[in-house]
Amino acid sequence: MKIRVLGSGAGGGIPQWNCHGEVSRAVRSGALGTSPRTQSSLAVSADGEHWFLLNASPDLGEQIRKNSVLHPRGEALRHSPIQGVVLTNGDVDHVAGLLVLRESHPLVLYGTERVLGFLGENSIFNVLSPHYVQRQALSLGQSFPLRDARGDMSGVMVEAFAVSGKVALWQEDESKGDNFGSEEGDTIALKLWREGAEQDAWYYIPACAAMTPDLARRLTGASLVFFDGTLWRDDEMIIAGVGTKTGRRMGHMSQTGEHGTLRAFADLGVKRKILIHINTTNPIIIEGSEENRKVRDAGWEIAYDGMEIG
């Protein structure tokens, strides 16, 4: 299967537009060993011709322009290799790019019933005309083929399953307690494989609040995992002086700490591990930094825009 990293940053990208913190300053100035990152999304294809997006970031227009595999082809005046979008949650940095896809192009939009319901309640997403865009609810724990708007199979198989997380920020309800009204399935992971080759399945998990026993079991021995790389430490934004929320409050694991990603993955035997959805405060993106060295010594790669696999 072909995988293209369209964006590897968390909400706001790197550097975030209004962030003047140490990491953002380094990237903005073009410091050696740094590179900008747009907001997280992958493109996947079984044949290199028909592509599906995993999340649609606010930077999608720029990402399409930078990736020729997503450019129109042939003689038709309107065409796109993009066949559909699979959403892992309702966060703004994963759904706002849907508005870029409003130009009367046939697509299939996959998401949980709850996330599709949130979009249905927000009239701005009506620009995705139902005459062209089919909305397909995901059933958690069941494998299914990604199909284009004509119903043709793409060769990409998917299983969606719930992971620890929270409801999207714009859907939080403080009257509903400490979890802000979150429900199981508000954050999901995707297991993907080429039809007939489930033994080579890989995982896309750009948001995850905790490594549960079930998730550890699923990931043990996996060939490839893209995993939540938002923060180096839980209180990173507070320490940096640019925010008031911890990683746990935002629904993200951090790399360090007793329950951090480095420790959680240490014994899972994942063959290739890639951090994605990286926040503008996270020093792991600075080549040569102590934090960068530690994640690499632990066997992790760090996603970057334009990264290709397969």
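Atoms considered below: every heavy atom in the structure, side chains included; atoms not considered: hydrogens, waters and symmetry mates.
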Side chain to side chain, [X] and [Y], heavy atoms closer than 4.5 Å:
X	Y	value
L109	V85	yes
K245	M237	no
V225	L268	no
I309	I274	yes

For this session: Indicate yes or no: does D200 engage R194 in a salt bridge with an N to O separation below 4.0 Å.
Result: no

Exercise. So does R296 pair up with E287, basic N to acidic O under 4.0 Å?
Worked result: yes

To the closest 0.5 Å, what do you measure between [atom1] ([X]) and [atom2] ([Y])?
X	Y	atom1	atom2	value
R114	I188	CZ	CD1	13.0 Å
S8	I276	OG	CD1	6.0 Å
W202	L190	CH2	CG	8.0 Å

I'd like to know if the side chain of [X] and the backbone of [Y] have a donor-acceptor N/O pair within less than 3.5 Å.
X	Y	value
N67	V69	no
D228	H252	no
R25	H20	yes
D148	D152	yes
D234	G257	no
H79	R73	yes
Q255	L231	yes

For this session: May I ask you to check whether S57 and Q63 show a side-chain donor-acceptor distance below 3.5 Å?
Result: yes

Problem set entry | Donor-acceptor pair between S45 and H50 side chains, under 3.5 angstrom |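 Their side chains do not contain a donor-acceptor pair, so the 3.5 Å distance test is not met.
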
For this session: Not counting sequence neighbours, which residues clear salt bridge (Lys or Arg N to Asp or Glu O under 4.0 Å) with K176? List them please.
Result: none

Please set out all donor-acceptor pairs under 3.5 angstrom arising from side-chain atoms of residues 204-220, sequence neighbours excluded.
from: Y204; atom 1: OH; to: N55; atom 2: ND2; distance (Å): 3.4
from: T212; atom 1: OG1; to: L215; atom 2: N; distance (Å): 3.2
from: D214; atom 1: OD1; to: R217; atom 2: NH2; distance (Å): 2.6
from: D214; atom 1: OD2; to: R218; atom 2: NE; distance (Å): 3.3
from: R218; atom 1: NH1; to: E159; atom 2: OE2; distance (Å): 3.2
from: T220; atom 1: OG1; to: A216; atom 2: O; distance (Å): 2.6

Problem set entry | Minimal non-hydrogen separation, E195 against M153, with atom names |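 Where E195 meets M153 most closely, the heavy atoms are OE2-CE, 3.5 Å.
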
For this session: Could you tell me how the ring of Y110 sits relative to the ring of F52: parallel (under 30°), tilted (30 to 60°) or perpendicular (over 60°)?
Result: tilted

